[in-house]
2 protein chains.
Amino acid sequence: MKKTQPKIKDVAFVAGVSTATVSRALTQPDRLSAPTRQKVFDAIHSTGYRVNQAARNLRTRRAGAVLVLVPNLGNPFFSAILSSINDVLAANGYSVLVFDSQQPGASEHAVADCFLNGSVDGMITLDGHMSDATGHALRSTNMMQQVVFCCEWSDQWQLPSIRSNNGLGTRLVVDHLVALGHRRIAHVAGPAENILAEVRKKAFAQRCAIHGLDISPDWIVEGDFSLGAGARAAERILALSERPTAVFCASDAMALSFITRCQQLGVAVPQDISVVGFDDIELAAFMEPGLTTIRQDRSGLGRLAAQELLARLRGEQKTEGAHVIFAPVALIERGTTAAPP
Amino acid sequence: MKKTQPKIKDVAFVAGVSTATVSRALTQPDRLSAPTRQKVFDAIHSTGYRVNQAARNLRTRRAGAVLVLVPNLGNPFFSAILSSINDVLAANGYSVLVFDSQQPGASEHAVADCFLNGSVDGMITLDGHMSDATGHALRSTNMMQQVVFCCEWSDQWQLPSIRSNNGLGTRLVVDHLVALGHRRIAHVAGPAENILAEVRKKAFAQRCAIHGLDISPDWIVEGDFSLGAGARAAERILALSERPTAVFCASDAMALSFITRCQQLGVAVPQDISVVGFDDIELAAFMEPGLTTIRQDRSGLGRLAAQELLARLRGEQKTEGAHVIFAPVALIERGTTAAPP
DNA sequence: TTGTATGCGTTATCAC
DNA sequence: GTGATAACGCATACAA
């Protein structure tokens, strides 16, 4: 148990050099001669020295930390992405600061504060909504270049965005169902204000139109991606006089509870009605029947977002405005889709 | 777009006071007269001043940040706890730094570094394993008092621990099954080196003994809490010549996939075999039949851990060593348990 | 109650 | 290639 943490001065004394040299050994080892460099490293080792981050941050005006804004940390879909973001950033020496954007109280200004007080070098946000407070804070600190959207995005702010190819995913779903012979397809959408819900719903309508399908307004049900929403949607859709033969749910969670409610109401999946999800959460492969769904590359989304941000933090990425990178999606055919009854 | 962030000196100039007064207005407003306090606040507002965290941290030798160590961020069970930890800490002005302890590369020493370089004031760990590197770093920085276990824990390090009452939960399960008439009960455990797995397995054996049940060694199957493990366990248990009539799975994930595999193998739940889980994840209520399980108070666990740590950071909590707080558990009876065939 | 002056531990700017 | 030294922005002991 040491009295106190050794400082750079102590290392310099032990190594018989100046503090400047020790500092250089840490940040730009090439600029030192081999022997002195070795002396310094030995001294660092023998003293057990670690740089004081606060002092370094103060001097360099950097934070060595990145803020990740997650809407609902409890949602496993997001936490998987957070995990891969964390991997990449940690491997590059950045700390990851997490904020839950859904949390009522602090978040509104807390995010802005992180930039204003310099405790963060950049941000990856999984939340397509960006508050004005945040936007202004980014402007006034010239931080707009160090913000990356991941999964969700906002057209209001012209920022780089890593996202799944939602349009393609939706088209794969419709094409798959049409190929099976379905002509009456329903859609359980996400919440109206959500960009993903909007894009998928629009792509769904367009693709149906291309196939010449008539989609009744009753067949478009608004949900919120949650388990509860899927169950409620099932009740509404199964009660319709003209019942669809297939349903495209905008999330696996809604698809799962949709199917459960069907079973409870005596409707067989896929014999009576086909169901497709979106996400390919791990459970999709472990239910019976397995869930046909669109796989999103969650770890890829996180990794790409982290790499894009890293490039910007290094000043490499010069592209201005909305730079969109699409992560691949794929249709995973399992047991919840079949030919219509 | 300002030229540069205003500093405390600028505020002092505008308010017509000294920098010390501005600093005091921020940290101990009571010690100022009402009028000067007002002047300072006005100046802060008009200049758009924000404290520079790095400078403050350097001066106060605090970080204003807490490290949360999560084994597998992608696991929804942990992320739900992380969420409530985050809520409490954020509300108290602490940033939350997240680390994935399962991640192969950095984590081993990265955690220790956080303490050694002073970038963190304390830690909540959801991982019962604490590396020696971390332990020594805690010792040498006198940080042992600012570490709290949550969910999992380690008897090796005498530290405060917030945990569910795993023993009670397990007893509730056994009693429930026995009350239904079961005498042959299997257990799908967690991985051998996991403290939760160990505690639940031991409690299971003890409670079965109290009820006079003979538990065949074949009926204890080691898993790893994952979906894959539940399916594998089902295959093994259903193949036994002397098949149990009920199974207690140490996690809901294993229970889910256990049930799915049963269905695939033509074994009906709960008619042929009863299944109980542990955790009460959200999905448990949205499957058919609903999963009988032990509810853990995830948000409570996180909240209590955060509060315990906050008290220690404030220096209030004087209790030394292993201070254990049990979060309540409850048996949630749903549809996967019934009388034996 | 308020102001003055110093130092927190580093890095960057000069010299040499 | 290396050393002396001045910031970085804030909080606090001490004076007033």
Side-chain angles (χ1 to χ4, degrees), chain A residues 2-41 43-44 47-65 93 113 115-119 121 141, chain B residues 2-41 43-44 47-64 93 113 115-121 141:
Chain A
K2 307 281 170 50
K3 294 293 174 192
T4 171
Q5 279 301 84
K7 21 198 330 176
I8 211 170
K9 214 171 174 177
D10 303 321
V11 178
F13 178 78
V14 171
V17 298
S18 74
T19 62
T21 301
V22 177
S23 176
R24 276 190 282 258
L26 262 30
T27 55
Q28 10 186 343
D30 327 325
R31 300 181 54 153
L32 293 187
S33 73
T36 42
R37 194 193 314 140
Q38 194 54 48
K39 277 194 300 183
V40 174
F41 283 149
I44 288 176
T47 55
Y49 167 80
R50 304 297 168 109
V51 304
N52 178 313
Q53 278 301 335
R56 169 177 279 182
N57 293 347
L58 173 59
R59 188 57 234 234
T60 59
R61 302 159 163 291
R62 296 182 347 100
D113 267 354
F115 287 97
L116 292 170
N117 72 22
S119 58
D121 296 323
T141 51
Chain B
K2 305 283 170 51
K3 292 294 173 192
T4 172
Q5 281 298 84
K7 18 202 322 184
I8 212 170
K9 213 171 175 180
D10 302 322
V11 177
F13 179 78
V14 171
V17 298
S18 74
T19 61
T21 300
V22 177
S23 176
R24 278 189 280 259
L26 263 28
T27 54
Q28 10 186 344
D30 327 326
R31 299 180 56 149
L32 293 188
S33 74
T36 42
R37 193 192 316 140
Q38 193 54 50
K39 276 194 300 184
V40 174
F41 284 149
I44 287 176
T47 54
Y49 167 81
R50 303 297 168 110
V51 304
N52 178 314
Q53 278 301 335
R56 170 175 281 180
N57 292 347
L58 173 60
R59 184 59 231 239
T60 58
R61 302 161 161 292
R62 299 183 343 104
D113 267 354
F115 287 97
L116 292 171
N117 72 22
S119 58
V120 137
D121 296 323
T141 52

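Because the structure is predicted, anything quoted here is derived from the model rather than measured. A note on names: the letters A, B, ... follow the listed sequences, proteins ahead of strands, and every chain is numbered from 1. Heavy atoms only: backbone and side chains are in, while hydrogens, waters and symmetry mates are out.
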Rounded (10°) bend between the five-pair end axes of the helix from dT1(C)-dA16(D) to dC16(C)-dG1(D): 30°
Matching residue for Tyr49(A) among Leu26(A), Val14(A), Asp10(A) - test: side-chain contact (heavy atoms from CB on, under 4.5 Å): Leu26(A)
Thr21(B) vs dT1(C): side-chain N/O to OP1/OP2 distance below 4.0 Å: no
Val17(B) versus Lys39(B), closest heavy-atom pair with distance: CG1-NZ, 4.3 Å
4.5 Å side-chain heavy-atom contact, Arg37(A) and Phe41(A): yes
Heavy-atom check, side chain of Arg24(A) versus side chain of Thr36(A), under 4.5 Å: no
Closest non-hydrogen atom pair between Ala55(B) and Leu58(A), with its separation: CB-CD1, 3.7 Å
Length of the NZ-C1' vector between Lys39(A) and dT2(D), whole Å: 10 Å
Distance-minimising heavy-atom pair for Thr21(A) and Val40(A): CG2-CG2, 4.2 Å
Whole angstrom value for the distance that separates P of dA11(D) from CZ of Arg31(B): 14 Å
Reading 5' to 3' through nucleotides 6-16 of chain C, protein heavy-atom contacts under 4.0 Å coded B for base, S for sugar-phosphate only, - for none: -BBBBBB----
Asn117(A) side-chain N/O to Val51(B) backbone N/O, donor-acceptor pair under 3.5 Å: no
Check: Asp121(B) side chain, Arg62(B) main-chain N or O, donor-acceptor pair, under 3.5 Å: no
